Trainee: 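Handing you a structure now.
In this text the structure is predicted, and so the values were computed from the model without any measurement.
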Amino acid sequence: MKGNRSRTCIILLQCILISGTVVWAIEPVSTTLLVGAGAAALGKTIFRYLFEACEERWVHLNATGLKHDLHTKLFGQHVATQVIIKAVTGFMSNENPKKPLVLSLHGWTGTGKNFVSQLIAENIYQKGMSSSFVHLFTATAHFPHEKHIETYKTQLQEWIRGNVSICARSMFVFDEMDKMHPGLIDGIKPYLDFYDNLNGVSYRQAIFIFLSNAGGENIVQVALNFWKDGRERYDIQLKDLETALSLSVFNNRNSGFWHTSLIDKNLVDFFVPFLPLEYRHIVQCGLAEMAAKGHVPDREVVEMMAQELNYFPKEERVFSMQGCKVISSRLDFYI
């Protein structure tokens with residue numbers, strides 16, 4: 001029914017967009033004027049306006065928006081912010097990249113990995129994570145049984161091939177890589193490599209993002225060492241973390257990256273570390289969450305909530321054990 005209605009709109013009807021609602025109305029102009037090239041052009045324009053297509057109107061990097069969002073909405077992650085901005089803007093401005101962009105985001109739960117993938121999607125795709133060109137896979141939901149790993153590999157290859165064929169600028173997000181069965185992700189290795197095309201399909205404009213808790217202990221240890229040495233958190237740089245992080249993930253039997261050729265062949269462009277959050281960052285998250293819920297941010301309320309969360313080392317209470325992930329539900333108790 002909806003398909004017939006859309007086709008009718010293209011030839012005989014006028015589509016009026018009022019407050020986000022499509023209203024269907026008879027075009028008062030004589031239908032004779034709508035026949036031929038004029039009708040086709042009108043129909044094409046209307047279709048592109050209303051329905052997502054793989055073209056600049058729907059898929060285009062807002063570099064200024066991405067930079068602003070990372071600096072104002074992501075708290076306590078100066079290293080990740082720097083890397084993401086350079087990696088994404090550099091890749092998207094390259095009209096002929098040699099390979100897809102592959103980012104691997106690592107850190108404890110609640111440090112902002114999922115949030116960053118969402119910000120990237122929102123600043124590239126008009127419809128954000130709801131875009132038909134953004135695809136999210138969760139290990140426990142999509143690949144739950146180890147005995148079916150070969151089937152999963154085949155399905156995953158077909159899904160990626162099919163969707164990149166539709167839109168070269170597709171984005172694939174793999175969550176819970178630390179719960180992914182080792183070897184599964186190697187099934188898509190050819191799509192991440194330096195090939196002009198595979199069977200007529202080019203993957204060089206696609207984006208792959210892996211999210212994982214694996215390697216979090218190494219990141220925490222670096223942050224602890226800096227704190228114990230009296231050094232500033234902002235002095236931590238990517239070079240302090242990346243090598244140790246990639247090695248720990250590669251050698252972690254409980255990681256989807258265990259002995260994967262993606263790391264062995266250097267196909268991951270950046271291992272992006274997410275640092276453990278401090279009390280001040282939890283407060284920032286709380287204030288932002290209050291605003292998002294439609295409340296006037298109240299620092300006293302947020303600090304009351306933040307003080308009752310768990311921190312480590314136990315005596316000094318420097319780093320949050322839960323991060324920002326629990327804040328939305330916790331705040332409801334205090335508001």
Trainee: State, with a plain yes or no, whether a side-chain heavy atom of Leu156 is found less than 4.5 Å away from one of Phe137.
Mentor: yes

Trainee: Walk me through whether Tyr311 and Glu316 qualify under side chain to side chain contact (heavy atoms under 4.5 Å, CB included).
Mentor: CA-CA 8 Å; Tyr311 297 86; Glu316 294 84 354; over 6 Å; no

Trainee: Side chain of Arg204, backbone of Pro100: donor and acceptor closer than 3.5 Å?
Mentor: no

Trainee: Other than Leu224, which residues form its hydrophobic cluster under the rule that side-chain heavy atoms must be closer than 4.5 Å?
Mentor: Trp108, Val220, Trp227, Phe312, Val318, Phe319, Met321

Trainee: Could you list the donor-acceptor pairs under 3.5 angstrom formed between side-chain atoms of residues 273-294 and any protein atom two or more places apart in sequence or on another chain?
Mentor:
unit_1 : atom_1 : unit_2 : atom_2 : d
Glu278 : OE1    : Arg280 : NE     : 2.9
Glu278 : OE1    : Arg280 : NH2    : 3.2
Glu278 : OE2    : Arg233 : NH1    : 3.2
His281 : ND1    : Glu278 : N      : 3.0
Glu289 : OE2    : Ser328 : OG     : 3.2
Lys293 : NZ     : Ser328 : O      : 3.4
Lys293 : NZ     : Ser328 : OG     : 3.4
Lys293 : NZ     : Asp332 : OD1    : 3.1

Trainee: Same cluster for Phe174 and Val164 if Ile/Leu/Val/Met/Phe/Trp/Tyr side chains link at under 4.5 Å?
Mentor: yes

Trainee: Is a side-chain donor or acceptor of Asn94 paired with a backbone partner of Asn96 at a separation under 3.5 angstrom?
Mentor: yes

Trainee: Is there a donor-acceptor contact under 3.5 Å from the side chain of Gln157 to the main chain of Gly187?
Mentor: yes

Trainee: Does atom NE2 of His148 have more than 12 heavy-atom neighbours from other groups under 6.0 Å away?
Mentor: yes

Trainee: According to a 4.5 Å side-chain heavy-atom criterion applied to Ile, Leu, Val, Met, Phe, Trp and Tyr, with indirect links allowed, do Leu119 and Ile327 form part of one hydrophobic cluster?
Mentor: no

Trainee: Main chain of Ala214, side chain of His106: is a donor-acceptor contact present, judged purely on distance under 3.5 Å?
Mentor: yes

Trainee: For the pair Asp175 (side chain) and Thr138 (backbone), establish whether a donor and an acceptor sit closer than 3.5 Å, ignoring hydrogens and angles.
Mentor: no

Trainee: I want to check something: taking the side chain as every heavy atom from C-beta on, are Asn310 and Ser320 in contact at a cut-off of under 4.5 Å?
Mentor: no

Trainee: Decide if atom CD of Gln82 counts as having more than 12 heavy atoms of other residues, nucleotides or ligands within a radius under 6.0 Å.
Mentor: yes

Trainee: Using a 3.5 Å distance criterion without hydrogens, assess whether the side chain of Glu176 forms a donor-acceptor pair with backbone atoms of Thr140.
Mentor: yes

Trainee: Could you pull out all residues at least two apart from Thr109 that satisfy side-chain contact (heavy atoms from CB on, under 4.5 Å)?
Mentor: Asn213, Lys325

Trainee: Check whether the side chains of Asn114 and Gln118 place a donor and an acceptor atom closer than 3.5 Å, and report yes or no.
Mentor: no

Trainee: Taking Gln322 for the side chain and Gly110 for the main chain, is one N or O donor matched with an acceptor at less than 3.5 Å?
Mentor: no

Trainee: Are Glu52 and Ser132 linked by a side-chain donor-acceptor pair shorter than 3.5 Å?
Mentor: yes

Trainee: Test side chain to side chain donor-acceptor pair (under 3.5 Å) on Arg169 and Tyr125 and set out the steps.
Mentor: CA-CA 10 Å; Arg169 191 66 85 182; Tyr125 304 91; over 6 Å; no

Trainee: Taking NZ, NE, NH1 and NH2 as the nitrogens, is one of them in Lys73 or Asp69 under 4.0 Å from a carboxylate oxygen of the other?
Mentor: yes

Trainee: Which residues pass the side-chain contact (heavy atoms from CB on, under 4.5 Å) test with Asp193, not counting sequence neighbours?
Mentor: Lys189, Tyr195, Leu267

Trainee: If Ile, Leu, Val, Met, Phe, Trp and Tyr residues are connected whenever their side-chain heavy atoms lie under 4.5 Å apart, and connections chain through other members, are Val301 and Phe75 in the same group?
Mentor: no

Trainee: Short question: side chain of Ser202, backbone of Asn197 - any donor-acceptor pair under 3.5 Å?
Mentor: no

Trainee: Same cluster or not: are Val326 and Phe115 linked, directly or through other Ile, Leu, Val, Met, Phe, Trp or Tyr residues, by side-chain heavy atoms under 4.5 angstrom apart?
Mentor: no

Trainee: Does atom NZ of Lys153 have more than 12 heavy-atom neighbours, drawn from other residues, nucleotides or ligands, at distances under 6.0 Å?
Mentor: yes

Trainee: Side chain to side chain contact (heavy atoms under 4.5 Å, CB included) for His78 and Ile236? Distances and angles first, verdict last.
Mentor: CA-CA 9 Å; His78 66 283; Ile236 300 176; 4.3 Å; yes

Trainee: Donor-acceptor check, side chain of Asp269 to backbone of Val102, threshold 3.5 angstrom: yes or no?
Mentor: yes

Trainee: Test side chain to side chain contact (heavy atoms under 4.5 Å, CB included) on Leu241 and Phe271 and set out the steps.
Mentor: CA-CA 9 Å; Leu241 295 155; Phe271 286 91; over 6 Å; no

Trainee: Give, for atom CD of Glu146 and atom CD of Glu150, the distance between the pair rounded to the nearest 0.5 Å.
Mentor: 11.0 Å

Trainee: Quick one: side-chain contact (heavy atoms from CB on, under 4.5 Å) partners of Ala87, sequence neighbours excluded?
Mentor: Leu101, Leu103, Phe270

Trainee: Please test Met305 against Phe333 for side chain to side chain contact (heavy atoms under 4.5 Å, CB included), starting from the C-alpha separation and ending with a verdict.
Mentor: CA-CA 9 Å; Met305 179 268 310; Phe333 179 77; over 6 Å; no

Trainee: Taking everything shown except Asp235 itself, do over 12 heavy atoms lie less than 6.0 Å from its CG?
Mentor: yes

Trainee: So, the side chain of Ser131 versus the backbone of Lys127: is there a donor-acceptor pair under 3.5 Å, distance only?
Mentor: no

Trainee: I need the Gln205 CD to Cys167 SG distance, nearest 0.5 Å.
Mentor: 8.5 Å

Trainee: Taking ILVMFWY side chains as joined if any heavy atoms are under 4.5 angstrom apart, and letting links pass through other members, which residues group with Tyr234?
Mentor: none

